[in-house]
Amino acid sequence: MTETNLRILLRARPEGLVGPEHFEVSEGPLPSPRPGEALLRNRFLSLDPYMRGRMSAAKSYSAPVEIGAVMEGQCVSQVVEDPTGRFQAGDWVLGGFGWQRFSAVAVSGLRKLDPQTGPVTTALGVLGMPGTTAWVGTTELAAPRPGETFVVSAASGAVGSVAGQIAMRMGARVVGIAGGAEKCAFVRDELGFPDCVDHRAADFPERLRAACSSGIDAYFENVGGAVQKAVFPLLNDFGRVAFCGMVAEYNDDAPAPGPNLMQVVRKRLSLRGFIVSDHPRAFADWRSTGGEWVREGSLKYREDVVRGLEGAPEAFMGLLAGKNFGKLVIEVT
Ligand SMILES: NC(=O)c1ccc[n+]([C@@H]2O[C@H](COP(=O)([O-])OP(=O)(O)OC[C@H]3O[C@@H](n4cnc5c(N)ncnc54)[C@H](OP(=O)(O)O)[C@@H]3O)[C@@H](O)[C@H]2O)c1
């Protein structure tokens, strides 16, 4: 049977919630490599919250995916054939090859992965873009000092789980925020955070206050919305907030009112946004530091692997509603 290329295209730009109607599944012939290109079979596709922004035409730090184009995404892939001779068939590579089963891409942009050093999927999560984001946001922006209280939201997720573990290594008292008892138990028992508060609990603000009895010195913001609203009043003077993302608001048509950012002035807070791609050197730094910790088993990570590219739209919608548990990766079968 001849193989076909399954691709997931952006059919329409969502306003509000993302639904299946915004994607189109298309099946066609395999791409033919042009000069300088190799043919890849994409084995694992990373699904990440930033993709919600790429579906929208609103002005952002990156251009949107065009209507009718393949959805963007990083993949861990195997080389099928490389007419340039630079790669062997079967070599593992990393790159932005999109939501599709096969890609033909320039070999110059490929980063080779060594499967002997650990699971190849770590290049999409703990040792890839999300892990690097945690490294930059924690060490350079939130910068917790020993004994300080460091809070991170989406604490069981790809970025949050690593950020909290780095902050613990820096000597901070780390409190996670996660959705539901199971995620909170994972954050406490597996990741080793001293505490984790369930933002789905009716009395979440009170529980957070009790868990942070000396206030919050450093906050790693992944979520926004109601979680941010509960965190802000607890920030201490000269506190630091690393604004990494606000996934709870990505489906909103308009920004939610509040929180009262006058507190930034009153408390002399430092709020700094950042985008990991502005820190290109951090990727290799983190691969080296974090890679060592992963290999020795002292940095824990969890992956949520969904089988089948066809399931990518549904899995992505789930990601925006907190249904993933750990780094969401599609196994492209
Ligand atoms: N600035 C950068 O360069 C950069 C790079 C990478 C990622 N990010 C940002 O980092 C954040 C985390 O990304 P990730 O890749 O690590 O994703 P993730 O945490 O693995 O998955 C997203 C998580 O967000 C939480 N969430 C989703 N909707 C929510 C809602 N309505 N209210 C509260 N929590 C909600 C859910 O966890 P719970 O169920 O525990 O709430 C969900 O599992 C995102 O905001 C992302 O945009 C920024």
Side-chain angles (χ1 to χ4, degrees), residues 6-26 45-74 96 98-100 124-125 129-130 133 153-160 177-183 198-202 204 221-231 243-259 273 275 303-330 332:
L6 189 77
R7 305 183 311 151
I8 300 193
L9 317 177
L10 179 64
R11 187 191 343 224
R13 300 203 186 281
E15 282 173 24
L17 287 180
V18 180
E21 67 277 15
H22 301 117
F23 300 98
E24 181 181 336
V25 179
S26 130
L45 162 70
S46 179
L47 294 186
D48 298 272
Y50 76 82
M51 292 164 173
R52 177 63 183 83
R54 298 287 197 281
M55 296 176 79
S56 157
K59 192 170 170 1
S60 182
Y61 60 91
S62 200
V65 174
E66 295 298 330
I67 299 291
V70 174
M71 283 290 295
E72 276 177 28
Q74 274 220 318
W99 296 28
Q100 55 187 339
L124 300 175
M129 185 278 285
T133 302
S153 48
S156 72
V159 174
I177 298 172
E182 199 191 355
K183 284 185 179 179
D198 178 3
H199 70 80
R200 298 194 197 281
F204 163 65
E221 173 63 292
N222 282 323
V223 157
V227 169
Q228 187 185 78
K229 204 169 166 194
V231 165
F243 268 90
C244 178
M246 298 207 243
V247 62
E249 302 181 21
Y250 293 174
N251 277 327
D252 293 351
D253 288 335
I275 297 294
E303 295 176 347
D304 185 344
V305 181
V306 175
R307 274 177 64 80
L309 181 61
E310 301 85 333
E314 195 186 331
F316 180 60
M317 290 178 249
L319 174 79
L320 297 174
K323 289 194 181 144
N324 65 309
F325 190 170
K327 173 66 195 118
L328 183 59
V329 171
I330 296 292
V332 187

Residues in ring-ring contact (aromatic ring centres under 6.0 Å, His included) with Phe23, at least two apart? Trp99
Counting N and O atoms only, with roles assigned by atom type, does the side chain of Asn222 sit under 3.5 Å from a partner on the main chain of Ser153, one being a donor and the other an acceptor? yes
Enumerate the residue pairs fulfilling side chain to side chain donor-acceptor pair (under 3.5 Å) with a member in residues 51-63, sequence neighbours excluded, ordered by first and then second residue. Arg52-Asn251, Arg54-Ser62, Arg54-Glu72
Nearest 0.5 Å, what's the CE-NZ distance between Met317 and Lys323? 9.5 Å
Roughly how far, to the nearest 0.5 Å, is the SG atom of Cys244 from the CD1 atom of Ile275? 8.0 Å
Donor-acceptor contact below 3.5 Å, side chain Glu24 vs main chain Leu9: no
ring-ring contact (aromatic ring centres under 6.0 Å, His included) involving Phe325 - partner list, sequence neighbours excluded: Phe186
Please round to the nearest 0.5 Å and tell me the distance separating atom CG of Leu124 and atom CG of Leu45. 8.0 Å
Looking at every heavy atom in both Ile8 and Pro313, which two are closest together, and how far apart are they? CD1-CD, 3.7 Å
Counterpart residues, side-chain hydrogen bond (donor to acceptor under 3.5 Å, both in side chains), relative to Glu303 (two or more places apart): Thr121
Keeping to residues at least two apart or across chains, list the salt bridge (charged side-chain N to carboxylate O under 4.0 Å, His left out) pairs with something in residues 7-18. none
Please confirm whether the backbone N or O of Gly180 pairs with a side-chain atom of Asp198, one donor and one acceptor, at under 3.5 Å? yes
Going by side-chain contact (heavy atoms from CB on, under 4.5 Å), name the residues that satisfy it together with Ala248, two or more places apart in sequence or in a different chain. Val223
Could you tell me which residues satisfy side-chain contact (heavy atoms from CB on, under 4.5 Å) with Ala315, sequence neighbours excluded, listed by chain and number? Leu47, Val306, Leu328, Ile330
Which heavy atom of Lys183 sits nearest to which heavy atom of Ala178, and what is that distance? CB-CB, 3.9 Å
Heavy-atom pair with the smallest gap, counting every atom of Phe204 and His199: CD1-CA, 3.5 Å
Could you list the residues that satisfy salt bridge (Lys or Arg N to Asp or Glu O under 4.0 Å) with Lys327, not counting sequence neighbours? Asp48
According to side-chain contact (heavy atoms from CB on, under 4.5 Å), who are the partners of Ala69, at least two apart in sequence or on a separate chain? Val65, Glu66
Are any of the side-chain heavy atoms of Phe243 and Gln228 separated by less than 4.5 Å? yes
Starting at CG of Leu6, measure out to OG of Ser26 and round the result to the nearest 0.5 Å. 7.5 Å
Glu314: side-chain contact (heavy atoms from CB on, under 4.5 Å) partners, not counting sequence neighbours: none
Just how far is it from atom CZ of Phe316 to atom CE of Met55, taken to the nearest 0.5 Å? 6.0 Å
